[in-house]
Amino acid sequence: MKTAPCFVCKKPSVIHLAYAAQHLCSGCFIKHIEKRFMQSVREFRMINAREHIAIGLSGGKDSVVLLHLLSMLRKKLPFKISAIAIDEGIKGYRNLTLITAKKECKKLKIPLKILSFKKDLNYSLDAIMKKTNKAACSWCGVFRRYLLNLGARQVNADKIAIGHNLDDISQTVLMNIMRNEPLRLVRFLDPLTLNEHLIPRIRPLIRIPEKEIALYAMLKGLEIKFMECPYAHFSFRQHIKEQLNDTEEKYPGTKLRILKSFIEMEKLMRKSLKDKEFVFIPCKKCGEPSSTISCMKCKMLEELSK
Ligand code: SF4
Ligand code: ZN
Ligand code: ZN
């Protein structure tokens, strides 16, 4: 079957971007992805010369593509990259993606630091799931955030780069609205932070849909195992993901429109809130920044020790 010609150069296309009504060939698609990455880095002033960027590397397609894009950018802009991987202890999944993480870091000569739920917090996620009925992602999200921040502090990073793509961001926006937690979205896009213990986060893949990241990885010959966490299936996020994919299929451009609305909403929310809303106090147990006397990580560890 003959494929439609590329919108830019008329070669046979490899993808149809329904939201932009464009077919693109492999070469033009690769340029398109790299342009979108650069556009976000510039627009939100994510990286400055000589900064130290720690990338949260899981070994999945998003973080590995981000590792390659950052390493490419480093040829034009001098900055340092380290990788931090968190081993949650999910047998048959994380141990396999970590093999990719190690291989890619070696290939690009990027130092990798691995922190683990079992070693650093005493419980692997698999062990936690044998003890409790609470959703795996609730434990995982809190503990992973803590360890990523800790690892980035240990390597003296200025910022943490996260491989969140357009699908992740649009899901997060809808989830926070549905949970009536809109304030969690404030400062989501701002690489500045109000607490020196919290390393600012940047998300350079914010404009790139998940499917396009997968295709980019394939076209660039990156050897990535396309696997899904065995606990993902039971999460609220998975439900939203399915709904959103269905809506995108019927109404192309939905995810990008959610992102644009969110960027506008975030600016307005930030303007109308005073800085004191973001004040953190040190957790009485571990000293990590917290909005209450005891931080969420310590509360959860206490619950586990009962
Ligand atoms: Fe953790 Fe949930 Fe992601 Fe699995 S899907 S890695 S449990 S946050
Ligand atoms: Zn082309
Ligand atoms: Zn604490």
Side-chain angles (χ1 to χ4, degrees), residues 3-17 20 22-35 56-63 85-98 101 116-117 120-130 132 134-150 162-165 167-168 171-172 175 195 197-198 210 215 219 227-241 280-305:
T3 53
C6 171
F7 173 78
V8 183
C9 72
K10 311 295 175 227
K11 281 186 194 158
S13 61
V14 292
I15 186 168
H16 177 225
L17 308 182
Q22 286 180 9
H23 287 86
L24 291 178
C25 71
S26 58
C28 293
F29 173 71
I30 286 173
K31 277 190 206 142
H32 158 83
I33 294 294
E34 291 168 1
K35 202 168 133 195
L57 185 68
S58 67
K61 63 181 183 326
D62 304 305
S63 62
I86 310 297
D87 182 359
E88 302 94 341
I90 307 171
K91 208 164 165 230
Y93 171 63
R94 185 59 75 219
N95 49 327
L96 301 179
T97 68
L98 283 177
S116 115
F117 277 25
D120 298 283
L121 297 168
N122 266 335
Y123 304 91
S124 70
L125 190 59
D126 286 342
I128 295 173
M129 292 322 289
K130 286 191 187 126
T132 140
K134 214 194 277 178
C137 300
S138 328
W139 301 97
C140 188
V142 170
F143 292 159
R144 210 171 40 179
R145 222 177 357 259
Y146 163 70
L147 288 180
L148 194 54
N149 196 52
L150 182 72
I162 309 279
H164 284 165
N165 57 45
D167 292 56
D168 297 321
Q171 289 156 19
T172 302
M175 283 166 70
N195 188 294
H197 290 288
L198 285 177
E210 184 177 0
L215 180 61
L219 294 174
M227 306 175 75
E228 195 161 69
C229 170
Y231 298 121
H233 191 63
F234 307 102
S235 68
F236 181 42
R237 182 175 288 276
Q238 186 66 21
H239 171 75
I240 300 291
K241 182 177 181 168
F280 295 103
I281 48 169
C283 163
K284 72 169 191 304
K285 279 201 161 165
C286 70
E288 286 291 311
S290 169
S291 51
T292 50
I293 299 172
S294 204
C295 76
M296 189 55 90
K297 180 255 317 173
C298 286
K299 279 185 201 154
M300 289 178 120
L301 284 176
E302 206 176 303
E303 196 179 327
L304 284 172
S305 67

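Position 1 is the first residue of the sequence, and the numbers go up from there. Side-chain atoms are counted along with the backbone in the values below, which use heavy atoms only and exclude waters and symmetry mates. For ligands, and for the atoms within them, numbers begin at 1 and follow the listed sequence.
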| request: Taking all heavy atoms of L125 and all of A136, pick out the closest pair and write down the distance. | output: CD1-O, 4.0 Å
| query | Can you say whether the rings of W139 and F143 are parallel (under 30°), tilted (30 to 60°) or perpendicular (over 60°)? | reply | tilted
| For atom 5 (S) of ligand 1, which candidate among C137, C140, A135 holds the nearest heavy atom? | C137
| request: State whether the side chain of D87 and the backbone N or O of A85 hold a donor-acceptor pair below 3.5 Å, judged by distance alone. | output: no
| Short list, please: which atoms of ligand 1 are under 4.0 Å from a heavy atom of L125? | 7 (S)
| said: Applying side chain to side chain contact (heavy atoms under 4.5 Å, CB included) to K285 and L301, what does each step give before you reach the verdict? | reply: CA-CA 11 Å; K285 279 201 161 165; L301 284 176; over 6 Å; no
| query | Is R144 salt-bridged to E88, cutoff N-O under 4.0 Å? | reply | yes
| SG (C286) to the Zn ion (ligand 3) to SG (C298): angle, nearest 10 degrees? | 110°
| task | To the nearest 10 degrees, could you say what angle the Zn ion (ligand 2) makes with SG of C25 and SG of C28? | result | 100°
| field | C229 neighbourhood, listing ligand 1 atoms whose heavy-atom distance to it stays under 4.0 Å | value | 4 (Fe), 5 (S), 6 (S), 7 (S)
| request: To 10°, measure the SG(C6)-the Zn ion (ligand 2)-SG(C9) angle for me. | output: 110°
| note | When every non-hydrogen atom of C283 is compared with those of C295, the smallest separation belongs to SG-N, 3.3 Å
| remark: Note: SG(C283)-the Zn ion (ligand 3)-SG(C295) angle, rounded to 10 degrees, equals 110°
| Within reach of ligand 1, part of R144 (heavy-atom separation under 4.0 Å) | side chain
